[in-house]
Amino acid sequence: MILGIETSCDETAAAVVEEGTAILSNVVASQVDLHAQYGGIFPEVASRAHIERIYPVVDRALKGAGVTLADLEGVAVTQGPGLPGSLVVGINMAKGLALGSGLPLYAINHLEGHLYSLWLSDNPPGEFPIVALVVSGGHTELLLLHGHGEYQRLGGTLDDAAGEAFDKVGRLLGLPYPGGPSIQRASEDGDPNAVDFPRVWLRGDHGERTYNFSFSGLKTQVLREIRRDVPDYKPDDPLPASFPVADMAASFQAAVVEVLVGKTVRAAHETGAKEIHVSGGVSANAALREAITSEAPIPVRVPPLALTGDNAAMIAAAAYWHRRDPSSLSFDVRTTWRLGL
Ligand code: KG4
Ligand code: ZN
């Protein structure tokens, strides 16, 4: 049994996981309401909220699992990437618990956590290689997993992450933060073919296909569409009631999903992977889940909705399946960490 702790962004989370698959407790204190008024995450507010919440959240995770530190085999914590002022709260809590109890401390990469959200299952994956798409607010990475801890990076975003694009376009369309779920909801009444947003396939220098992504241009295209109707529109201005928000949201979502699915499915063909895994906050997206499941030539796994966003169960699972050197904790504030490099 491993206690996981996650505070990389705006969720204060702790969980107890048994044998890397069974969740005994999974506590997530979301700060989304605190940040909604700013239309994005306010790092100082996040850090303070983590400080207030970390102790009760860990306490609830232990009590919820019916265990004490003496029952555990280790403490796992997200060491990056993330907001430095947020990460440091979880790291110090985990270090203190490990030092005080003599338990080993596992330092986990947040992206690796998302990968291992797919192992929290009665029927965990058994066969490699696996093509894994990690799509969150901070990252869009396409990886080939050869084994536990053996990651090869196929490609990733060159600019905005997929979730970041959802959040920015949501804000442009006047939808509540975070943009991802809001755009999904708005899309339900919209026509995905209303606006033909570009599909950015990003060929290489010699016209070859790549596994990279670019989403920042889409946001500019959305702004251009808005300005066709409202010429002097500035971000955060209210849109006229007649503006086709649902069509715009559905068309934007379709453009993002088509490229994510197209590249992931091609990677599956070209690598001979046995399974496709999709994880991270954007893997909650219904259009993405539906498209990848129907177009993939091999089995697809997506996490249950409760494990798509940030949580600590995935951090504990990563520690179980890919135990690191317990002395590997090095607090590193780089925000562009990539797996496989
Ligand atoms: O994994 P996550 O909780 O945090 C990071 O590690 O970044 O991902 C958060 C991101 C946000 O950008 C949010 O808008 C997006 O996931 N998201 C969605 C959906 N639910 C959350 N994007 C599209 N559709 C959704 N249903
Ligand atoms: Zn995340």
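We count ligands from 1, going down the list as the structure has it; atoms in each ligand are counted the same way.
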Decide, yes or no, whether a salt bridge links Arg301 with Glu275 under the criterion of side-chain N to carboxylate O below 4.0 Å. yes

Is the ring centre of Phe252 less than 6.0 Å from the ring centre of Phe166? yes

For the metal site, I want the angle between atom OD1 of Asp310 and atom NE2 of His110 with the Zn ion (ligand 2) at the apex, to 10°. 90°

If we check side chain to side chain contact (heavy atoms under 4.5 Å, CB included) with Leu288, which of these qualifies: Val256, Thr264, Val278? Val278

Residue, atom and distance of the protein heavy atom nearest atom 17 (N) of ligand 1 read Gly281 O, 3.5 Å

Would His50 and Thr7 count as having a side-chain donor-acceptor pair, cut-off 3.5 Å? no

Need the ligand 1 atom indices (1-based, order shown) with element for anything under 4.0 Å from a heavy-atom of Gly163. 12 (O)

Aromatic plane relationship, Trp119 with His277 - under 30° parallel, 30 to 60° tilted, over 60° perpendicular: perpendicular

Looking only at distance, does Gly138 have an N or O less than 3.5 Å from an N or O of ligand 1? yes

Could you find the nearest protein heavy atom to atom 15 (C) of ligand 1 and give me its residue, atom name and distance? Val282 CG2, 3.9 Å

Closest non-hydrogen protein atom to atom 24 (N) of ligand 1, residue and atom name please, with distance? Asn285 ND2, 2.9 Å

Using heavy atoms and a threshold below 4.0 Å, how should the contact between His139 and ligand 1 be classified: side chain, backbone, both, or neither? neither

Glu52/Arg48 salt bridge by N-O under 4.0 Å criterion: no

min-distance N/O/S atom, His114 vs the Zn ion (ligand 2), resolves to NE2

Is the Zn ion (ligand 2) less than 2.8 Å from an N/O/S atom of His139, whether that atom is in the backbone or a side chain? no

What about Leu69 and Val58, same hydrophobic cluster or not, with Ile/Leu/Val/Met/Phe/Trp/Tyr joined at side-chain heavy-atom distances under 4.5 Å? yes

Could you tell me if any non-hydrogen atom of Pro181 lies under 4.0 Å from any atom of ligand 1? yes

What is the nearest protein non-hydrogen atom to atom 4 (O) of ligand 1, stated with its residue, atom name and distance? Asp310 OD2, 3.2 Å

Which residue and atom name correspond to the protein heavy atom nearest atom 26 (N) of ligand 1, and how close is it? Gln184 OE1, 2.8 Å

What part of Glu11 sits under 4.0 Å from ligand 1 if we count only heavy atoms: the side chain, the backbone, both or neither? neither

Among protein heavy atoms, which sits nearest to atom 7 (O) of ligand 1, and what does the distance come to when rounded to 0.1 Å? Gly137 N, 2.8 Å

Quick one: do the Ser214 and Asp159 side chains pair a donor with an acceptor below 3.5 Å? yes

Distance flag, aromatic centroids of His148 and Tyr116, threshold under 6.0 Å: yes

Should the pair Asp59-Lys63 be classified as a salt bridge under the 4.0 Å nitrogen-to-oxygen rule? yes

Among Gly180, Gly170, Ser182, which residue places a heavy atom closest to atom 18 (C) of ligand 1? Gly180

Is the closest heavy atom of His110 to ligand 1 under 4.0 Å? yes

Other residues, nucleotides, ligands: >12 heavy atoms within 6.0 Å of Glu290 CD: no

Identity and distance of the protein heavy atom lying nearest atom 13 (C) of ligand 1: Asp167 OD1, 3.7 Å

Please work out whether the ring planes of Phe213 and Phe215 are parallel, tilted or perpendicular, with thresholds of 30° and 60°. parallel

State the atoms of ligand 1, each with its element, that fall below the 4.0 Å cut-off from a heavy-atom position in His114. 1 (O), 6 (O)

Do Gly309 and ligand 1 have an N or O pair less than 3.5 Å apart? no

